[in-house]
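What follows is one structure encoded as structure tokens, with my remarks underneath.
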Amino acid sequence: VRKRLSSIPKKSVYKVVLLGDGAVGKTSIRQQYLGKGFKDGYSMTIGADFCVKRVELENMIVTFQIWDLAGQQRFDIVREVYYRGSSGALLVFDVSTPGSFENLPAWLNELTKNNYNRIVPIVLIGNKTDLRGSTPCLPPEAGEQYAASLSQWTGFEVPYLETSAKTGLNVDEAFGLLSKQIEVYLDKYQLRG
């Protein structure tokens, strides 16, 4: 009986928010992760969009409740409610838009302020790496250095990952990495139910 019980995968539900400026590729990352591919053209998210994906990662089944939050300032008030109860966040910037990188501290402040002043596991994402070589882009070191400073601020590791929602590069890995970060966080702070 013991062997049988230990082989049953653990099940977890994680509320994850995608946050960052408008047009950094949050919706495209979500669509790519859901297997819906990439669509050219920009469609602004109004307020927030929600989806669920269930995946098996190592010896566990994770249900991601993914909240894709609108990045435009006019949706500030609407976004507030969607942060509450977040287990983790993908903090996204566009490597070809320095302003989206510079705005990351404001996004972290908004997340923390609206999630009961809790710091949750974060994976920093530099998206649109497919533009490297054709457009001036921030070097990977910028993201790596910022992730290191976030790690100091949070007290736990904040990984940096470069993605391309267009090609699918590292999109699945971003969610897998966030799941691992959430597990480490829950174990460290003994927050399991």
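Sequence positions, counted from 1, serve as the residue numbers for this chain.
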Check your understanding: Got a sec, which pairs hit ring-ring contact (aromatic ring centres under 6.0 Å, His included) with one end in residues 157-179, sequence neighbours left out?
Key -> Tyr33-Phe175, Phe64-Phe175

Check your understanding: What residues, two or more places apart in sequence or in another chain, satisfy salt bridge (Lys or Arg N to Asp or Glu O under 4.0 Å) together with Glu58?
Key -> Lys180

Check your understanding: Quick one: salt bridge (Lys or Arg N to Asp or Glu O under 4.0 Å) partners of Lys53, sequence neighbours excluded?
Key -> none

Review point. Does the side chain of Ile66 come within less than 4.5 Å of Leu18's, by heavy atoms?
Key: yes

**Study point:** Check: Arg30 and Cys51 side chains under 4.5 Å, non-hydrogen atoms
**Key:** yes

Practice item. May I ask you to check whether Asn117 and Thr112 show a side-chain donor-acceptor distance below 3.5 Å? Key: no

Review point. Do Leu90 and Ile122 touch side chain to side chain, with heavy atoms closer than 4.5 Å?
Key: no

Exercise for review: With sequence neighbours left out, write down each residue that passes ring pair (Phe, Tyr, Trp, His ring centres under 6.0 Å) with Tyr146, or none if nothing qualifies.
Suggested key: Phe101

**Study point:** Pairs meeting criterion side-chain hydrogen bond (donor to acceptor under 3.5 Å, both in side chains) with involvement of residues 119-143, two or more places apart
**Key:** Asp94-Lys128, Asn127-Thr163, Asp130-Ser164, Arg132-Glu162

Practice item. Quick one: list whatever passes side-chain hydrogen bond (donor to acceptor under 3.5 Å, both in side chains) with Asp172, sequence neighbours left out. Key: none

Review point. Any side-chain heavy atom of Ile61 within less than 4.5 Å of one from Arg54?
Key: yes

Study note, to complete from the structure: With sequence neighbours left out, the residues meeting side-chain contact (heavy atoms from CB on, under 4.5 Å) with Glu173 are Leu161, Asn170

Point to revise | Sequence neighbours excluded, every pair satisfying salt bridge (Lys or Arg N to Asp or Glu O under 4.0 Å) that has a member inside residues 114-127 | key: none

Exercise for review: Kindly give the heavy-atom pair with the smallest separation between Gly85 and Tyr116, and that separation in Å.
Suggested key: N-CE1, 3.8 Å

